[in-house]
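We name chains A, B, ... by the order of the sequence lines, and we start the count at 1 in each one.
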Amino acid sequence: MSSPVISLAARRSARAGHPASGDRLEHMSLPSESERTVEDLLRDVASGDRAAFGEMYDRLSSRVLGLVTRLLRDRAQSEEVTQEVFLEIWQGAGAFDRARGSAISWVLTIAHRRAVDRIRASQKSHERDLRIGIRDVEREFDSVTESVEIRVENERVKRAMSRLTPLQREAVVLAYYGGYSHSEMAQILSIPLGTVKTRLRDGMIRLRDELGVTS
Amino acid sequence: MTGPRDDDSIRAAAYAAGALSPEERREVEADARRSPGLAAELREFGETAAVLGLAVPPVTPDAALRDKLFAALDETPQGATVTRGPWTRRLVGVVVASAAAVIVGVLAVGTLVLPQFAPVSDVDRIVAAADADRATADVEAGGTVTAVWSASLDRAAILVEGLAELPSDETYQLWLIRDGEPLPSETFSSRDGDLVSVVLAGEMEPGDAIGITVEPAGGSEVPSAAPIVVVPTA
């Protein structure tokens with residue numbers, strides 16, 4: 001199906017003079033008028049370019065804070081973590097390696113990791129017990145947003161998620177949106193660790209295939 | 001490639017979904033440097049997780065956060081965050097003389113495990129250079145030092161593992177030894193057993209050796225003792 005995301009990617013790629021790659025992530029959070037990819041910005045940030053850093057912040061900070069807030073809930077803490085995330089980007093931009101993934105994925109990985117570390121440092125798993133449970137999964141993607149781009153992304157994930165078995169979905173949601181570790185999930189769900197691991201793996205494989213992610 | 005593909009996908013999926021402990025994460029990252037199969041799985045699951053991240057409604061940060069962030073940049077050096085030692089040329093015989101006396105075991109290192117959340121960006125760059133070369137030497141009192149350098153980048157870094165922790169009034173200091181002259185470089189500390197990476201300031205020239213001494217806190221301009229290790233880079 002032709003979604004705005006894909007056409008945006010195609011437009012950009014045509015302009016950049018190379019065919020659309022399998023991985024569309026680098027294009028997705030790009031304002032369509034912008035010529036510079038997040039990869040471009042990161043490269044400049046690595047050499048100390050503050051303007052590029054500012055542009056990157058303006059473009060990605062709401063995505064970072066959105067994700068961190070989803071995990072931490074607490075707004076003040078989430079802003080703190082967001083600041084840490086961008087400082088890490090500033091410091092570590094030189095370590096970004098396109099061969100290991102897209103820039104947006106690199107940024108969100110840092111954000112996710114820092115949010116998860118903060119949760120685990122500050123909250124015991126039983127206190128978070130089923131804060132996000134299976135019943136929340138359906139609601140997880142019901143959030144209304146004006147942005148077409150995000151709605152498209154949202155729909156895409158929701159559709160892909162619906163192809164997972166309920167147990168796989170639960171594992172993915174608990175891990176990614178709940179910040180639970182393997183062993184915490186095993187405890188909460190009262191299932192063996194090995195089962196958690198394969199469930200999460202199978203869920204991620206299904207998602208990857210449904211989303212058509214290639215690298 | 002280590003381990004069956006099955007195990008790779010379990011670890012990569014868990015890594016991307018954030019289900020691993022920090023230690024497990026570091027293991028996966030280290031293993032991925034040796035295993036193209038694992039690296040490919042990490043890439044794909046990483047992109048998958050990013051789509052999950054992008055599906056979350058954005059939240060616009062308070063405007064003050066941007067200002068705070070930019071103010072913090074001044075205190076946030078890029079790349080290696082090590083204390084910078086004085087960088088002046090001094091002619092001193094002590095390092096040279098003792099360098100010859102130090103028994104240096106130079107070994108080729110097959111793989112190099114980098115600490116992930118230490119400031120590794122510059123180290124990464126050096127390691128990734130097409131002409132990157134490396135040598136390892138053991139420290140007599142315990143620990144190993146691996147020097148990594150790239151002639152095209154004119155930069156060198158060291159990775160130190162297992163060096164003893166020093167009392168607070170002492171520090172380790174690096175020296176580039178060029179034509180027998182020790183040029184003072186970074187100081188660094190080591191907690192017992194920690195893996196530490198330090199990029200040496202200044203340009204490295206072919207044939208430079210890298211030495212480490214124990215100095216009073218703050219570092220010295222000339223070595224105050226014989227080096228605990230010297231790693232030749234040629």
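- Salt-bridge check for B:Asp7 with A:Arg201: failed, with every basic side-chain N at 4.0 Å or more from each acidic carboxylate O.
- Salt-bridge formation is not detected for the pair A:Arg114/A:Asp117: no Lys NZ or Arg NE/NH1/NH2 atom is positioned less than 4.0 Å from an Asp or Glu carboxylate oxygen.
- Neither the backbone nor the side chain of B:Ala12 comes within contact range of chain A; no heavy atoms are under 4.5 Å apart.
- Of the listed residues (A:Ala115, A:Ala175, A:Ala111, A:Gly203), the greatest number of heavy-atom pairs within a distance under 4.5 Å of chain B belongs to A:Ala175.
- With sequence neighbours excluded, the residues that form a side-chain hydrogen bond (donor to acceptor under 3.5 Å, both in side chains) with A:Arg43 are A:Asp40.
- Using a 4.5 Å cut-off between heavy atoms, A:Leu108 touches chain B through its side chain atoms alone.
- Using a 4.5 Å cut-off between heavy atoms, A:Ser47 contacts chain B through its backbone alone, with no side-chain atom that close.
- For the residue pair B:Tyr15/B:Glu29, the side-chain donor-acceptor check at 3.5 Å is satisfied.
- Only the backbone of B:Ser21 comes within contact range of chain A, judged by heavy atoms closer than 4.5 Å.
- If you measure heavy-atom distances from A:His112 to chain B, the contacts under 4.5 Å come from the side chain alone.
- Contact annotation for A:Val45: both backbone and side-chain heavy atoms come within less than 4.5 Å of a heavy atom of chain B.
- The greatest number of non-hydrogen atom pairs below 4.5 Å with chain A, out of B:Ala72, B:Ala16, B:Ala19, is found for B:Ala19.
- Put simply, of B:Ala14, B:Gly53, B:Pro61, the one with the most heavy-atom pairs under 4.5 Å next to chain A is B:Pro61.
- Of the listed residues A:Leu87, A:Thr109, A:Leu200, the one with more heavy-atom pairs under 4.5 angstrom with chain B than any other is A:Leu87.
- Proximity of A:Arg199 to A:Glu170: side-chain heavy atoms (C-beta onward) are separated by under 4.5 Å at one or more points.
- Under 4.0 Å is where a charged nitrogen must lie from a carboxylate oxygen, and between B:Arg66 and A:Asp58 at least one such pair does.
- Remark: side-chain polar atoms of B:Gln173 are paired, donor with acceptor, to backbone N or O of B:Ser185 under 3.5 angstrom.
- Within the 4.5 angstrom heavy-atom criterion, atoms from both the backbone and the side chain of A:Arg50 approach chain B.
- Ion pairing between a basic and an acidic side chain is recognised when a charged N comes within 4.0 Å of a carboxylate O; A:Arg163 and A:Asp209 show no such pairing.
- A salt bridge does not link B:Arg43 with B:Glu47: every distance from a Lys NZ or Arg NE/NH1/NH2 to an Asp or Glu carboxylate oxygen is 4.0 Å or more.
- Contact annotation for A:Ala171: neither backbone nor side-chain heavy atoms come within less than 4.5 Å of a heavy atom of chain B.
- The choice from A:Val68, A:Val64, A:Leu207 that makes the most heavy-atom pairs within less than 4.5 Å of chain B is A:Leu207.
- Neither the backbone nor the side chain of B:Ala39 comes within less than 4.5 Å of any heavy atom in chain A.
- The parts of B:Leu20 that come within reach of chain A are both its backbone and its side chain, each placing non-hydrogen atoms under 4.5 angstrom from that chain.
- Looking at A:Arg118 and A:Asp74, no side-chain N of the basic residue comes within less than 4.0 Å of a carboxylate O on the acidic one, giving no salt bridge.
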